[in-house]
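Report on the structure given below.
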Amino acid sequence: MSRPSDFSTRVHRVVAGIPAGTVLTYGEVAAEAGSPRAARAVGHVLSAAGEGLPWWRVVAADGRLVPGLEEEHAARLQDEGVTCGHGRVRTVRRHRAGGDR
DNA sequence: TATCTGACGATAG
DNA sequence: CCTATCGCCAGAT
């Protein structure tokens with residue numbers, strides 16, 4: 001069957017598996033998808049993704065939110081328990097223990 | 001098939 | 001804080 005590349009499917013699967021209140025970085029998602037260097041490709045996939053995919057749970061490595069959708073992104077994150085500020089994530093509940101930095 | 005673009009990451013200045 | 005550069009990958013034209 002035609003598949004939109006294993007990557008896009010992998011990314012969709014990973015992002016859809018992110019628990020609420022948790023945020024992962026593009027690099028983390030890319031690594032989970034099978035390519036730790038495909039952070040850029042992940043962003044591309046998310047931009048092409050539609051509803052059903054919690055793209056807002058994916059943020060940049062430096063905590064930066066999506067350019068152009070900072071309001072939307074921040075609103076959704078805060079709705080799940082993530083605090084944001086100035087287009088940037090504040091409190092992050094990473095899927096990895098340890099806390100934030 | 002080639003080229004450009006982009007919701008990236010890291011380093012350097 | 002900012003911009004600039006390199007490296008990486010997938011999608012669109």
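What you are looking at is a predicted structure, and each value in this text was computed from that prediction instead of being measured. Residue numbers start from 1 in every chain, and the chains themselves are labelled A, B, ... in the order their sequence lines are given, proteins ahead of strands.
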Please list, pair by pair, any protein nitrogen or oxygen found under 3.5 Å from a nitrogen or oxygen in nucleotides 1-6 of chain C.
none

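- Nucleotide B:dA7 holds its P atom 19 Å from the CH2 atom of A:W56, rounded to whole Å.
- To the nearest angstrom, P of B:dT11 lies 12 Å from CG of A:D62.
- Of all heavy-atom pairs between A:L65 and A:A74, the closest is CD1-CB, 3.8 Å.
- With sequence neighbours left out, the side chain to side chain donor-acceptor pair (under 3.5 Å) criterion links A:E71 to no other residue.
- In this structure, of B:dA7, C:dG11, C:dC9, it is B:dA7 that holds the atom nearest to the side chain of A:Y26.
- Distance A:E32 CD to C:dC9 C1': 17 Å, rounded to the nearest Å.
- Among all heavy-atom pairs drawn from A:H86 and A:R64, the shortest one is O-NH1, 4.0 Å.
- In this structure, of C:dG11, C:dC9, B:dA7, it is C:dC9 that holds the atom nearest to the side chain of A:R37.
- Nearest heavy-atom pair across A:P54 and A:A16 is CD-CA, 4.0 Å.
- When every heavy atom of A:G34 is checked against every heavy atom of A:P36, the shortest pair comes out as O-CD, 3.9 Å.
- Between A:V45 and A:L53 there is no side-chain heavy-atom pair separated by less than 4.5 Å.
- Screening A:T25, A:V15, A:V23 against A:V58 for a side-chain contact (heavy atoms from CB on, under 4.5 Å) leaves a single residue, A:V15.
- Pairing analysis of DNA chain B (Watson-Crick: purine N1 to pyrimidine N3 plus N6-O4 or O6-N4; G-U wobble: N1-O2 and O6-N3; both under 3.5 Å) yields stems of 3 or more pairs at B:2-6 with C:9-13, B:8-13 with C:2-7.
- Within residues 45-55 of chain A, no residue approaches DNA chain C, by heavy-atom distance under 4.0 Å.
- Minimum interatomic distance between A:T22 and A:I18 (heavy atoms only, all atoms of both residues): O-CG2, 3.5 Å.
- Each side chain to side chain donor-acceptor pair (under 3.5 Å) pair with one or both residues in residues 39-56 of chain A, not counting sequence neighbours, would appear here, but there are none.
- Considering every non-hydrogen atom in both A:A30 and A:A38, the closest pair reads CB-C, 3.7 Å.
- Taking atom NE2 of residue A:H44 and atom P of nucleotide B:dG9, one finds them 16 Å apart after rounding to whole Å.
- Note that CG of A:L46 is 7.0 Å distant from NE2 of A:H12, once rounded to the nearest 0.5 Å.
- With rounding to whole Å, A:F7 atom CZ is found 17 Å from B:dC8 atom P.
- The listed nucleotides are B:dG9, C:dC9, B:dA7; the one nearest the side chain of A:A38 is C:dC9.
- The residues A:R76 and A:E72 are annotated as salt-bridged, a charged nitrogen and a carboxylate oxygen being separated by less than 4.0 angstrom.
- The shortest distance between side-chain heavy atoms of A:V59 and A:H73 falls below 4.5 Å.
- Residues of residues 72-83 of chain A having a heavy atom closer than 4.0 Å to DNA chain B: none are found.
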